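None of the values given here were measured: they were computed from a predicted structure.
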Amino acid sequence: MKLKLAALSIALLVTGGAFAQANDTIAKVKASGVVTMGVRDSSGALSYTLGDGKYTGYHVEICNRVIAALEKAAGRKLEVKYQSVTSQNRIPLVQNGTVDLECGSTTNNVARQKDVAFLYTTFVEEVRIAVKANSGITSITQLNGKNVATTTGTTSVQTLRKNERAKGIDFKEVFGKDHSDSFLLLESGRADAFVMDGSILAGNIATAKNPADYKIVGEVLSVEPIAIMIRKDDPAFKKLGDDTIKDMIKAGDMNKLWDKWFLQPIPPKNTKVGLALSDSTKAAWATPNDKPMEDYAKK
């Protein structure tokens, strides 16, 4: 009986230790020597694939800086693994420990904050509409009776439906599994418009076969803070990530990264996204915070 109780106690200690480590990223990577970055295949200049398992982008670079700080905290060099995520599986993969930090194009909102945590906002997005340049579409009202593409698991179509200017407009939703798939719906004529974050639209247009065939039109549908996602209840890693972002802002590194990824030619085609730094993003950097999009809507 004593042996059974001892074995049970050891099992409980091991299970408890594993559970604690699951929400302690610094301890987790120190023990394993591996950190896994969640990345996107086609999230504009924020996060995208170069092929052959290589990923790059604005958020990927910021995450590399966070990982450098994580290595110092863990006291060891870490092997960085990339895990491609989609709009549908990104939150579960962070929650279950498959991904340690998600470096894509995720909107920080109240609903998601129940499941995950966000580092300080690094990018404030404006949701817009992309169409073919010869479509004649210039506003939300002209989407009535049209096919509108968006990416499964994103907030964009919800945003469009809630927009006051969209009242009485009846459109059909068509879904792409990722942003490149959604853009292909527009490119192939299966959709008349693609509603998504402006940076993602601009990035996909910049890398299209004929960028001049497309344009971003209409009103700003919503303003959304985009941030790097981590597990909930991990205060040490949250502080490490937030401090890294604050230091980057203070040193002027965030401005340099913006210039590099949004105003200069980027690989693989050396095209420019051409997205100027918005006043909303400047304001987020001026007072670093992890406020959800609902706070922006109150303004």
Original post:
Step by step, would you call Asp115 with Gln95 a side-chain contact (heavy atoms from CB on, under 4.5 Å)?
Top reply: CA-CA 7 Å; Asp115 298 319; Gln95 287 179 298; 3.4 Å; yes
Subject >> Single-linkage hydrophobic cluster, 4.5 Å side-chain cutoff, Phe123 and Met229 together >> reply: no
Subject >> Point-to-point distance, once rounded to the nearest 0.5 Å, from NZ of Lys146 to CD1 of Ile169 >> reply: 12.0 Å
**OP:** Enter the distance from Leu185:CG to Arg190:CZ here, rounded to the nearest 0.5 Å.
**Re:** 5.0 Å
**OP:** Run the numbers on Arg90 and Thr106 for side chain to side chain donor-acceptor pair (under 3.5 Å), then give the verdict.
**Re:** CA-CA 9 Å; Arg90 55 190 167 180; Thr106 303; 3.1 Å; yes
Subject >> Rounded distance [0.5 Å steps], CD1 in Ile249 versus OG1 in Thr287 >> reply: 9.0 Å
Original post:
Which atom pair, heavy atoms only, marks the closest approach of Trp261 to Gly57?
Top reply: CH2-N, 3.5 Å
**OP:** Before giving the answer on side chain to side chain donor-acceptor pair (under 3.5 Å), spell out for Glu224 and Ser222 the whole-Å C-alpha distance, their side-chain angles and the decisive distance to 0.1 Å.
**Re:** CA-CA 6 Å; Glu224 303 184 6; Ser222 75; 2.9 Å; yes
Subject >> Val116-Val66 co-clustered via ILVMFWY side chain contacts under 4.5 Å >> reply: no
Subject >> Any donor-acceptor N or O pair under 3.5 Å, side chains Ser84, Asp41 >> reply: yes
Subject >> Derivation and outcome, side-chain contact (heavy atoms from CB on, under 4.5 Å), residues Ile226 and Thr107 >> reply: CA-CA 5 Å; Ile226 309 296; Thr107 298; 3.5 Å; yes
**OP:** For residues Gly241 and Leu119, report the shortest heavy-atom separation together with the two atoms involved.
**Re:** CA-CD1, 3.8 Å
**OP:** Please report the C-alpha distance between Val99 and Val85 in whole Å, then the side-chain angles of each, then the deciding distance to 0.1 Å, and finally whether the side-chain contact (heavy atoms from CB on, under 4.5 Å) criterion is met.
**Re:** CA-CA 9 Å; Val99 167; Val85 302; 4.1 Å; yes
Original post:
Distance from Leu257 atom CG to Thr122 atom OG1, nearest 0.5 Å?
Top reply: 10.0 Å
Original post:
Within the distance-only criterion (no hydrogens, no angle test), does the side chain of His59 pair as donor or acceptor with the backbone N or O of Ser47 below 3.5 angstrom?
Top reply: no
Original post:
Cut-off 3.5 Å, side chains only: do Ser87 and Arg40 have a donor facing an acceptor?
Top reply: yes
Subject >> Contact check, side chains of Asp253 and Arg65, non-hydrogen atoms, under 4.5 Å >> reply: yes
Subject >> Exercise: do Thr281 and Ser278 side chains pair donor with acceptor under 3.5 Å >> reply: yes
Subject >> Donor-acceptor side-chain pairing of Ser139 and Thr141 below 3.5 angstrom >> reply: yes
Subject >> Sidechain N-carboxylate O distance under 4.0 Å for Lys209, Glu187 >> reply: no
**OP:** Please answer whether the main-chain N or O of Val94 pairs with a side-chain N or O of Glu102 as donor and acceptor at a distance below 3.5 Å.
**Re:** no
**OP:** Mark yes when over 12 heavy atoms from residues, nucleotides or ligands other than Lys232 sit less than 6.0 Å from its NZ; otherwise mark no.
**Re:** yes
Original post:
What do you reckon, is NZ of Lys30 surrounded by more than 12 foreign heavy atoms closer than 6.0 Å?
Top reply: no
Original post:
Got Asp181 and Phe175 here, is their nearest side-chain heavy-atom distance under 4.5 Å?
Top reply: no
**OP:** State yes or no: do Phe171 and Ile140 share one hydrophobic cluster built from I, L, V, M, F, W and Y residues joined by side-chain heavy-atom distances below 4.5 Å, directly or via other members?
**Re:** yes
Original post:
Is any NZ, NE, NH1 or NH2 atom of the basic residue among Asp24 and Lys28 found under 4.0 Å from an Asp or Glu carboxylate oxygen of the other?
Top reply: no
Original post:
Less than 4.0 Å between a side-chain N and a carboxylate O, is that true for Asp100 and Arg231?
Top reply: yes
Original post:
Is the side chain of Asn210 donor-acceptor paired with the backbone N or O of Ala212 at a distance under 3.5 Å, no angle test?
Top reply: no
Original post:
Just wondering, do Val127 and Met196 contact through their side chains at under 4.5 Å, heavy atoms?
Top reply: no
Original post:
Under 3.5 Å, side chain of Glu173 to main-chain N/O of Asn147, donor-acceptor pair present?
Top reply: no
Subject >> Any residue meeting salt bridge (Lys or Arg N to Asp or Glu O under 4.0 Å) with Asp247, in chain and number order, not counting sequence neighbours >> reply: none
Original post:
Any luck finding a side-chain donor-acceptor pair between Thr98 and Gln83 under 3.5 Å?
Top reply: no
**OP:** Might you point out which heavy atoms bring Asn109 and Phe118 nearest each other, and give the distance in Å?
**Re:** N-CE1, 4.4 Å
Original post:
Can you tell if the side chain of Lys81 reaches within under 4.5 Å of the side chain of Val35, non-hydrogen atoms only?
Top reply: no
Original post:
Without hydrogens or angle criteria, can the side chains of His179 and Thr151 be said to hold a donor-acceptor pair below 3.5 Å?
Top reply: yes
**OP:** Side-chain contact test, heavy atoms from C-beta onward, threshold under 4.5 Å: evaluate it for Ile230 versus Thr25 and give yes or no.
**Re:** no
Original post:
Heavy atoms, side chains only, cut-off 4.5 Å: are Ser199 and Leu46 in contact?
Top reply: yes
Original post:
Do Val34 and Leu78 come within less than 4.5 Å of each other through their side chains, counting heavy atoms only?
Top reply: no
Original post:
Between Leu240 and Val60, is there a shared hydrophobic cluster once you connect ILVMFWY residues whose side-chain heavy atoms come closer than 4.5 Å?
Top reply: yes
Subject >> Same apolar cluster: Leu143 and Val174, side chain cutoff 4.5 Å >> reply: no
Subject >> Minimum heavy-atom distance Val124-Ala284, with the two atoms named >> reply: CG2-CB, 3.8 Å
**OP:** Step by step, work out the salt bridge (Lys or Arg N to Asp or Glu O under 4.0 Å) result for Arg128 and Glu219.
**Re:** CA-CA 7 Å; Arg128 303 285 301 278; Glu219 309 84 343; over 6 Å; no
**OP:** For residues Ile216 and Ala202, report the shortest heavy-atom separation together with the two atoms involved.
**Re:** CD1-N, 3.9 Å
Original post:
Could Lys238 and Asp234 be called an ion pair, given the rule that one side-chain N must be under 4.0 Å from one carboxylate O?
Top reply: no
Subject >> Evaluation steps, side-chain contact (heavy atoms from CB on, under 4.5 Å), between Glu71 and Arg76 >> reply: CA-CA 5 Å; Glu71 286 181 329; Arg76 65 179 296 180; over 6 Å; no
Original post:
For the atom pair OG1 (Thr56) and CD (Glu61), what is the distance rounded to the nearest 0.5 Å?
Top reply: 6.0 Å
Subject >> Pair Asn108, Gln113: side-chain N/O donor-acceptor within cut-off below 3.5 Å >> reply: yes
**OP:** Provide the full list of ring-ring contact (aromatic ring centres under 6.0 Å, His included) pairs with a residue in residues 201-232, sequence neighbours left out, each pair given once.
**Re:** Phe183-Tyr214
**OP:** Measure the spacing between CG of Asn134 and CG of Asp213 and express it to the nearest 0.5 Å.
**Re:** 7.5 Å
**OP:** Measure from the side-chain N and O atoms of Ser182 to the backbone N and O of Thr150, and report whether any donor-acceptor pair falls under 3.5 Å.
**Re:** yes
Original post:
Okay, side chain of Glu126, backbone of Leu221: is any donor-acceptor separation there less than 3.5 Å?
Top reply: no
Original post:
Salt bridge or not for Lys246 and Asp243, using N-O below 4.0 Å?
Top reply: yes
Original post:
What residue pairs, at least two apart or across chains, pass ring-ring contact (aromatic ring centres under 6.0 Å, His included) with a residue in residues 26-58?
Top reply: Tyr55-Tyr82, Tyr58-Trp258, Tyr58-Phe262
Subject >> Nearest atoms (heavy-atom pairs only) where Ser180 meets Ser42 >> reply: N-OG, 2.9 Å
**OP:** Report yes if some heavy atom in the side chain of Val80 is under 4.5 Å from a heavy atom in the side chain of Met37; otherwise report no.
**Re:** yes
